[in-house]
Amino acid sequence: MFKKQYILTNKNISTPKNWLTSNFGDFELFVDSELNYTEYEIPTKKVALLGYVFHAIDNLLEEKLIERIVTLNHEEILDEVDLWCGHFILFVKTDSFRIYNDACASFKIFYGEKECYKAIGSDPKVLTHFLKFEEDKDSEKKKFYSSDFFKNDRTKIGHDTRFENMYQLVANHFLQVENLKSVRSFPRKGRIEISQREAGKKLIRLFQNIIFQIDKRYTIYTSITAGFDSRLLVSATHKIAKRISYYTFKLPNEKESFIDYTIPRKIATELDLNYSFIYINNMENSEKERIEATFDFPRFRPFQQYQNIFPEKEKPNILLVGFVCEVAKNYLERVKVENGKDVVRAVHLPDNKYLNKHYQKWLKKNRRAIEKNGYELLDFIHWEQDITNFAGQNTFYANHCVNLFSVFNCREVLEIMLAVSPSERDGKSPRFFKYLIKKMWPELLNYPFNPSYREKIILFMKKIKVYPFYKYLQIKFHKNGVVK
């Protein structure tokens, strides 16, 4: 139970015998021994790291990175962590106590207070087990979390949970432990637009340095699909392609003629890649029950899909995926959102009073900080809702089976990508992505991207410049269902 999980609390609790413990003043950190854990301490500061990190610029292992953290103040730590790529949580205890995590919040941090005790942990199930948190009594919230929509979709909502006084630390924030306050840490400065060429020079250097470090430490398996995200990832591996195994997962109940299967096979054959087409089986009910005993309303697909099915070699395995870079693809388009209901519809959630209220509060709290720095509001809504609670959450679940992360899960990388003109980063035809692919592995442009009928219609609507108006009407008048 609670494999690869952790809890930090000021309550005296009894955890499994194989868990590690470490003291942080009034708090004790309990960590499952299967997690990667690194710690460094001097008389005035203690630093601990869960997970794994690859520095975007410097080739340093985790031990050296946290030794560097000890020498930095809070603002310098924010700058340093922006350069970290990986799947991690960083604990820093001085006269204050702060917790930081990766760019898409993939290593989960849930926190709350119950009966004067504070707790921070990897899943609501862990916190409720040790501190007995209760479900929130708000009637509108209960309606949503008991709805068929949520039980089937299981995507969490922003920083909220279904429990009273329990929240999640979302992307672009750090946590002050003493008062359990989530504080925005990005953006900290104004966006400065740069050209594709300038951004490309910076990004290609970062991608190659990150992948070089991964190659030194792990046996790499890289995902291929028909999408832009995957193709960009594959292009970044060009220089070491002969040492990489590429793969595509075939999910149950999908035809092998599906473009996400046919195009990767064609790419792998014609470019002579070491490639596997892997059939994924349906999950047994007993396995679902085991997972649900450990996690609160988990999504099953990551556990089904990302099993450690590749043979172990001299170096441990790691799976690279194209998650996260869609932050820089205008994913929610460029539609003005005026209130909570607009946001709910923009992120494709059903109309619901609780959701409307939640996102109305989000707008009030975050709009100014994002827009005054020159960023698009919908990019951050997507980042802090969908990426945190879908790509990030799925990465967290997958890491219970195998090491898995995205080379785009680095705030420095995303900041550079977002600095390119939005007109070059359109989600359906991102010219900037094509530019990067051409620079790193031009042959990959010879194959179509997501060539579905729906995608072609959307591209045509954009060409004749009616799609923005269509999206505006969709947000104002089209419901993605209703949860009453």
Side-chain angles (χ1 to χ4, degrees), residues 54-58 75-86 100 102-105 170-173 184-211 227-229 231-233 235-236 322-337 366-388 391-392 406-440 462 468:
F54 307 94
H55 198 283
I57 297 173
D58 299 326
E75 293 300 323
E76 292 169 334
I77 289 172
L78 291 176
D79 292 338
E80 172 69 9
V81 172
D82 281 354
L83 294 167
W84 288 13
C85 180
Y100 313 80
D102 57 77
C104 78
V170 301
N172 300 320
H173 293 71
R184 176 169 292 281
S185 58
F186 184 83
R188 300 189 299 282
K189 58 187 178 183
R191 174 182 175 272
I192 300 175
E193 191 159 301
I194 60 177
S195 67
Q196 284 191 20
R197 184 172 179 274
E198 185 179 352
K201 286 178 66 175
K202 293 180 178 181
L203 287 170
I204 291 169
R205 185 169 62 249
L206 297 182
F207 292 155
Q208 291 178 349
N209 186 55
I210 292 166
I211 289 173
F228 282 100
D229 304 350
R231 201 77 56 88
L232 180 58
L233 167 65
S235 72
F323 299 161
V324 186
C325 69
E326 63 187 43
V327 165
K329 278 170 57 184
N330 301 353
Y331 189 81
L332 298 179
E333 302 295 338
R334 286 290 176 266
V335 182
K336 185 177 181 180
V337 288
N366 296 286
R367 175 170 234 145
R368 184 174 180 275
I370 293 165
E371 293 184 337
K372 78 173 184 178
N373 282 298
Y375 288 94
E376 288 284 344
L377 191 67
L378 284 175
D379 286 344
F380 276 73
I381 291 171
H382 176 59
W383 192 347
E384 294 169 19
Q385 164 57 38
D386 298 337
I387 297 298
T388 293
S406 168
V407 298
F408 310 111
N409 191 24
C410 171
R411 201 167 284 104
E412 176 74 4
V413 166
L414 296 173
E415 184 174 10
I416 295 169
M417 296 181 84
L418 288 169
V420 174
S421 170
S423 64
E424 305 296 331
R425 299 186 280 106
D426 182 84
K428 303 303 178 185
S429 184
R431 292 192 293 270
F432 179 50
F433 280 46
K434 291 180 178 180
Y435 173 84
L436 291 171
I437 294 167
K438 184 178 181 180
K439 288 291 184 181
M440 292 188 288
K462 290 191 171 190

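Below, each value reflects all heavy atoms present in this structure, side chains not excepted, and no hydrogens, waters or symmetry copies. The shown structure was predicted, so the numbers you read here are calculated from the model rather than taken from an experiment.
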Restricting to non-hydrogen atoms, name the atom on [X] and the atom on [Y] that form the minimum distance, rounded to 0.1 Å.
| X | Y | result |
| --- | --- | --- |
| Leu206 | Ile57 | CD2-CG1, 4.0 Å |
| Val413 | Val407 | CG2-O, 4.5 Å |
| Gly190 | Asn373 | N-OD1, 3.2 Å |
| Leu377 | Val337 | CD2-CG2, 3.8 Å |
| Gly322 | Leu233 | N-CD2, 3.7 Å |
| Thr388 | Ala171 | OG1-N, 3.2 Å |

Distance from [X] atom [atom1] to [Y] atom [atom2], nearest 0.5 Å?
| X | Y | atom1 | atom2 | value |
| --- | --- | --- | --- | --- |
| Lys438 | Tyr435 | NZ | OH | 9.0 Å |
| Asn172 | Ile370 | CG | CD1 | 8.0 Å |
| Asp58 | Leu83 | CG | CG | 8.0 Å |
| Asn366 | Ile381 | CG | CD1 | 9.0 Å |

With sequence neighbours excluded, what pairs up with [X] under the side chain to side chain contact (heavy atoms under 4.5 Å, CB included) test?
| X | result |
| --- | --- |
| Asn209 | Asn59, Gln213 |
| Ile204 | Gln208, Leu436, Lys439, Met440 |
| Arg191 | Glu193, Tyr375, Pro422, Arg425 |

Inset, instruction - Fit a plane to each ring of Phe380 and Trp383, take the angle between them on a 0 to 90° scale, and name the class: parallel (under 30°), tilted (30 to 60°) or perpendicular (over 60°). - result: tilted
Inset, instruction - Give a yes-or-no answer on whether the side chains of Glu326 and His382 include a donor-acceptor pair shorter than 3.5 Å. - result: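 There is such a pair (donor and acceptor under 3.5 Å, judged by atom type) between the side chains of Glu326 and His382.
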Between [X] and [Y], is any pair of side-chain heavy atoms under 4.5 Å apart?
| X | Y | answer |
| --- | --- | --- |
| Arg431 | Ser423 | yes |
| Lys434 | Ser429 | yes |
| Phe432 | Lys329 | no |
| Asp79 | Arg188 | yes |

Legend entry - Salt-bridge criterion met for Arg411 and Glu415 (N-O under 4.0 Å): no
With no hydrogens and no angle check, is any side-chain donor or acceptor of [X] less than 3.5 Å from a backbone partner on [Y]?
| X | Y | result |
| --- | --- | --- |
| Arg205 | Lys202 | no |
| Asn330 | Glu333 | no |
| Asp229 | Phe323 | no |

